[in-house]
Each structure stands twice: as C-alpha cells, then as structure tokens.
Amino acid sequence: MPAGEGTDDMIAVAGRVFSKRDSGKLTFLDLVDGSAAKIQLFCELRSLGEEAFARLKEWLDIGDFIGACGTVRRTKRGELSICPHKWVMLAKALRPLPEKWHGLSDVETRYRQRYLDLIANPHVKETFVKRSRAIAAMRSFLNSEGFLEVETPMLHAIPGGAAARPFKTHHNALDLDLHLRISPELYLKRLIVGGFERIYEINRSFRNEGISTRHNPEFTMLEVYQAYADYQLMMDFTERLISHVVQTVCGLVVVPCSQIASGELDLTPPWPRRTMAEQVARFLAERGLDYHQMSEVELVAHIREAGGAVPVEITPGTILAAIFDLYDFTLIGPIFITDFPVEISPLAKRHHMDPGKTERFELFVLGRELANAFSELNDPVDQRARFEAQLRVRELGDEEAHQLDEDFLCALEHGMPPTGGLGIGIDRLVMLLNNAESIRDVLFFPLLRPRS
RNA sequence: GAGACAGUAGCUCAGUAGGUAGAGCAACGGACUUUUAAUCCGUGGGUCCCGGGUUCGAAUCCCGGCUGUCUCACCA
C-alpha cells in the first residue's frame, strides 16, 4: 500500500497504549500487544467524530488498554496505521509506566515488580520465552526417548537425596514436622524399584542456604532415571540432551558468552571427560606442585593456605574433593569430571575398578556445576553403611550430611535394578542459553527480603 | 555472617569549600490534521532511604539502622 493511501476494510485491534503524540485534531497512538508487535493508531477528529475524539483526548493515558475499530491507512511517512472510527477503554492504568526512553534499570524494582521489567525491557521477556522453550525442548527430547514424566512429593518427613539444609514446615492434622524437599532423588528411585524403567521429574527443590548469583533458595531441577544404564551412558545422554536443548532454543550449539574472552561458548559434543584425580593433579601442576608426590599433611596444608575448608573427616577422598573445590570454578568446560570419592557420594555406586571412588560425574560449564549424575547405588547393605558413615560425619558437625532414610532402604532391600541417574540445574542451564550472569535474571521472582 | 558500592520527583539521572532542591521523560493547562524520543508555550510535583550527631545551617560531614548489587563465607 503506497504512503498516504488506505482501504475501506474495517479492522479491530486491542492492546496497551505505549506512546501518544498529540497534534491538535490528530493524535497518533502506538498500540502494543502480547506479540510485542506495534500498530499505530491514526486518530483523527474527522473519522472519530467530536465526542469520541474529545473523550480520547480527555481520558487516554499511556499504559491504558484500549480497543479500536477502523480502516487501514499508510501515513505520509509510510507507517501502516489504523484510522479508528470507534474506540473503547478496556482497562485504565492508574499508575504511569516506567519512562519509555531509558526504561527501567533499577535492579530492585526490576525484581520486585517484574511486570514493569517485562513491559519496559523487551529482552527480559525474551529471556523467559527461552526458558520456557528450553524446558519444552527437554520434555520433548525425554518423551521421544521413552521417558515418562512423574511427580513425587515435595513435603518430606526426612529430607534426602542431597547434602543441604532443608526448610521446615508442619502438617497440622497429622501433627507432623515436614521439610520441603531438597531433592526428588530418593522418591524417584522408589519408582525404579516399582518397575518404571525410564522416568523424569522437572520441578522445584528447596535448600535453606545463602543466596548468590548462582543460588536461589527454590530452584528447578530435572532428574532423570534410566534402569539398566550406568554413568557412562548418562554422560552420552547428557551431551545429547543439553546440545539438543541449546540447538533448539538458540539455533546453534555455540552460544554468546560475555564471561569468556572469545565471546562465545562452544557446546558441540563430545565434551572432555577427566577423572577428579586427574583434574586435581592438573590444578596442582599449574601451581608447580605434584599431587602424586605430596603427603596427606602437605595436601591439607595446601587446602588451608589456599583458604579452603578442611574436611571434618580427613581421608584421601575428602582431601581430593576439598582440593577440587578450591579450583573447580576455573573450569570453563564443558567438561565432565568423573570418579568422585565414595566419602562425598553416599548415593552413588562404587567404581567397578576402584572401591574408593564412585561411578559419578559432574558437568562443569563456566565454572558452574550444571549436572550431577551417577550409577545409582542399588546395594541396600552398602547403602546402609553409607548412610551410617554420613551420620558419623553429621555428629562431627556437618549439618548438611545425609540422614538415614529407613523407608528408602526398605525399598532398596526389595531390589532395584542397576540404574543411571542424572540431575540438571535448569536455572543454570537457562543462564547459559541467555548469557545471564545471575540466576535472578532467569527467575521471574527471585527471593528478596519483603518490603515492610 | 563479613567487606566494598549504591539509595535524590512516577521513571532515568545531575547536584562539594556545608548555604533556598535541578534536568529530561511522565503528569496537568494551552496551540497544532501526517507524528513516531513529535514540536512549541505554561504549571504543579520531593520524608534527598530511615534515625541520631556535628554545625548558625546537612542531600552533602560523622555514627547507627533498612534495602539492594557485587565479592567472600555457607552452599552443588
């Protein structure tokens, strides 16, 4: 349609008024709808009539939702517009929108009043669209591989499946102390015992700990369990799952990343696999030290000098893990770190070649742990012993050590097939997809102290 | 829990020798039938985060508190 011309077809539109340019007997409005598409309304006295035009000038504010019905016209400047013959107020805005040019940048307001952030900052909406698409891609991938989505309790009498402090709550009718779950793991394994062979759950877990750019007290996790699989197979699976999600959401397996010099992060599989002992030896070699020549005393001294936490129980395994924890944040990855010590992996099966290690891996990307997986421990006798070892650590003062779950042991005693299990932090994965440096940027409503 | 930084109009921000609190957008009144950060003329708008202190006088200096961000600690 050439500039300055129009048609006689009547069209109806609705949306929020984002801008008003008043020019006497002619007013231009920008109307925006959920698709973020903008349509200009060319409101002239001639088409609207005296009364409707006067009401428009009298009542209309930026932020109002209106409906309009009129003909299509292209203005002299070439903007495709609706020339309304009627308009109606659909919802009045009593408070003004954030300023249109600079938008809303106050971080606290952006989090507390996310709706304003979404209105004022279009890229924020895009972040959450990507989040939704990532989870949809994940579900579609899992479903196509024969996995069944399940839901397990979030209220646990004994919080288990992870090393963390829980939130406490109480059920009145049963007069029962309960905890918000710290992980769905032990319930999902009960379902494996019950005969489901491929299951997953995507939902919230809760951990009563500090808040940071990587931690929110409630966070979303994917947990996947596959009977007759082991951690090697779960590593392959993790590569396929994550690269599928990244490819689907971003169109590429190379994502923009401001945290690394090249500006982009390549997630093309396969990803390197390295045992924790190999990685620790590398970390120490980079500092001119030889892991294999160092005594236990020297290693502990190194942890202390580097400002790390010395484990409450000193063993080769806990020392190894403590040194790894000193430097794991430097792993850009993606990289799989495998074969974790048995002492810090109470739910993982012992390594078939080395009983001091477990068949476990974690995936590191940008210094953050993105996934944690293992061949599940399905030996009820060993599992009991591991729980008892955790109780000892707990008595030594480790509040986060696992608790003994007799009901879960009972399930294992009925027989659980060999199983591979995998957990992926969805929020952290979504951070990766959005080049977000804080978990708060991928949560609609991150936890903040309430305004009094 | 510790440290650093920040908080001024609805929004984005200025504002030091310590001396009556400012701009743009938004709002309100007016002009304008081709604007799109419209333009032009005019008006109103403040618990300068809160509470103390120093001072003749505090947005500004000092102390305490609140909230947030970052870093660390805790934490996968």
Side-chain angles (χ1 to χ4, degrees), chain A residues 3-6 17-31 38-48 53 57-58 60-63 73-81 83 93-113 116-117 119-121 161-166 182-183 185 205 207-217 219 221 307-309 321 324-325 328-329 337 340 344-345 360-364 367-373 398-400 423-425 427-428 437-441 446-452:
Chain A
E5 296 191 16
V17 176
F18 264 70
S19 173
K20 182 167 79 165
R21 296 177 295 281
D22 187 351
S23 167
K25 297 188 174 62
L26 176 65
T27 295
F28 297 91
L29 302 178
D30 288 342
L31 209 60
K38 183 189 94 175
I39 181 77
Q40 177 169 273
L41 299 189
F42 180 97
C43 306
E44 56 171 0
L45 173 63
R46 193 184 307 139
S47 304
L48 276 166
F53 189 73
K57 299 198 76 152
E58 172 91 25
L60 194 74
D61 286 320
I62 290 170
R73 174 181 303 188
R74 194 178 286 283
T75 64
K76 283 181 185 170
R77 296 284 177 90
E79 175 104 12
L80 194 62
S81 308
C83 178
L94 298 182
R95 298 179 191 256
L97 292 183
E99 196 237 11
K100 64 185 163 198
W101 189 241
H102 299 94
L104 177 70
S105 59
D106 180 76
V107 182
E108 190 173 349
T109 309
R110 288 184 50 225
Y111 294 153
R112 289 191 194 277
Q113 294 176 274
L116 293 180
D117 192 26
I119 292 166
N121 300 316
R165 283 150 65 186
I182 55 176
S183 154
E185 173 151 350
S205 288
R207 297 186 187 175
N208 205 338
E209 58 200 27
I211 295 172
S212 78
T213 50
R214 292 165 292 279
H215 300 86
N216 194 64
F219 63 101
M221 227 182 359
F324 179 75
D325 283 347
D328 62 355
F329 70 92
I337 300 298
F340 283 49
I344 61 157
S345 311
R360 175 180 178 187
F361 72 81
E362 285 187 352
L363 172 64
F364 282 84
R368 297 192 281 259
E369 179 210 337
L370 201 62
N372 178 19
D398 183 353
E399 269 189 79
E400 278 107 29
I424 294 179
D427 310 289
R428 291 178 181 179
E437 291 186 28
S438 171
I439 197 169
R440 296 183 198 92
D441 292 329
L447 184 65
L448 299 182
R449 199 181 290 273
R451 269 261 181 262
S452 52

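Below, chain A is the first sequence line, B the second, and so on; all start at residue 1.
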To the nearest Å, give me how far apart [atom1] ([X]) and [atom2] ([N]) are.
X: A:H215; N: B:rC72; atom1: NE2; atom2: C1'; value: 13 Å
X: A:R21; N: B:rA26; atom1: CZ; atom2: P; value: 11 Å
X: A:L60; N: B:rC28; atom1: CG; atom2: P; value: 10 Å
X: A:L116; N: B:rA26; atom1: CG; atom2: P; value: 17 Å
X: A:R95; N: B:rA27; atom1: CZ; atom2: P; value: 16 Å
X: A:I211; N: B:rC72; atom1: CD1; atom2: C1'; value: 16 Å
X: A:D398; N: B:rC74; atom1: CG; atom2: P; value: 11 Å
X: A:K76; N: B:rA38; atom1: NZ; atom2: P; value: 20 Å

What distance, rounded to whole Å, do you find between the two [atom1] atoms, one in [N] and one in [M]?
N: B:rC5; M: B:rG42; atom1: P; answer: 43 Å
N: B:rG51; M: B:rA9; atom1: P; answer: 16 Å
N: B:rC49; M: B:rA26; atom1: P; answer: 26 Å
N: B:rA27; M: B:rG10; atom1: P; answer: 14 Å
N: B:rG46; M: B:rC72; atom1: P; answer: 43 Å
N: B:rU20; M: B:rG57; atom1: C1'; answer: 11 Å
N: B:rG19; M: B:rU60; atom1: C1'; answer: 11 Å
N: B:rA21; M: B:rU16; atom1: P; answer: 15 Å

Using a cut-off of 4.0 Å on non-hydrogen atoms, how would the nucleic acid contact of [X] be classed: base, sugar-phosphate, or nothing?
X: A:D22; result: base
X: A:K25; result: base
X: A:S19; result: sugar-phosphate
X: A:R440; result: sugar-phosphate
X: A:R46; result: base

Nearest to the [X] side chain among [options], which nucleotide is it?
X: A:W101; options: B:rC70, B:rG68, B:rA37; result: B:rA37
X: A:R112; options: B:rG68, B:rA38, B:rU69; result: B:rG68
X: A:F42; options: B:rC32, B:rU34, B:rU69; result: B:rU34
X: A:A309; options: B:rC75, B:rC74, B:rA27; result: B:rC74
X: A:E108; options: B:rC32, B:rU71, B:rG68; result: B:rG68
X: A:I62; options: B:rU67, B:rA26, B:rC75; result: B:rA26
X: A:E400; options: B:rU36, B:rC75, B:rA26; result: B:rC75
X: A:R165; options: B:rU33, B:rC74, B:rU36; result: B:rC74
X: A:Y111; options: B:rU33, B:rU69, B:rC66; result: B:rU69
X: A:L45; options: B:rC75, B:rU33, B:rC70; result: B:rU33

- prompt: By side chain to side chain contact (heavy atoms under 4.5 Å, CB included), which residues pair with A:F329, not counting sequence neighbours?
  reply: none

Short side-chain N/O contact from [X] to OP1 or OP2 of [N], under 4.0 Å:
X: A:K100; N: B:rA38; value: yes
X: A:S23; N: B:rU36; value: no
X: A:R207; N: B:rC75; value: no

Taking pairing as Watson-Crick or G-U wobble with both contacts under 3.5 Å, can you name the mate of [N], or confirm there isn't one?
N: B:rC5; value: B:rG68
N: B:rU39; value: B:rA31
N: B:rC25; value: B:rG10
N: B:rG46; value: none

query: Can you tell me if A:Y111 and A:D106 form a side-chain donor-acceptor pair at under 3.5 Å?
result: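 Per modelled atom types, A:Y111 and A:D106 side chains form no pair under 3.5 Å.
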
message: What I want to check is whether the side chains of A:S23 and A:R21 have a donor and an acceptor closer together than 3.5 Å.
response: no

- prompt: How would nucleotides 8-15 of chain B be written as a contact map, 5' to 3', with B for base contact, S for sugar-phosphate-only contact and - for no contact, using protein heavy atoms under 4.0 Å?
  reply: --SBSS--

query: Ignoring hydrogens and angles, are the base of B:rU36 and the side chain of A:E79 linked by a donor-acceptor pair under 3.5 Å?
result: yes

[X] side chain vs [Y] backbone, donor-acceptor pair below 3.5 Å:
X: A:D22; Y: A:G24; result: yes
X: A:N121; Y: A:L104; result: yes
X: A:E99; Y: A:H102; result: yes
X: A:K100; Y: A:S19; result: no
X: A:R360; Y: A:N372; result: no

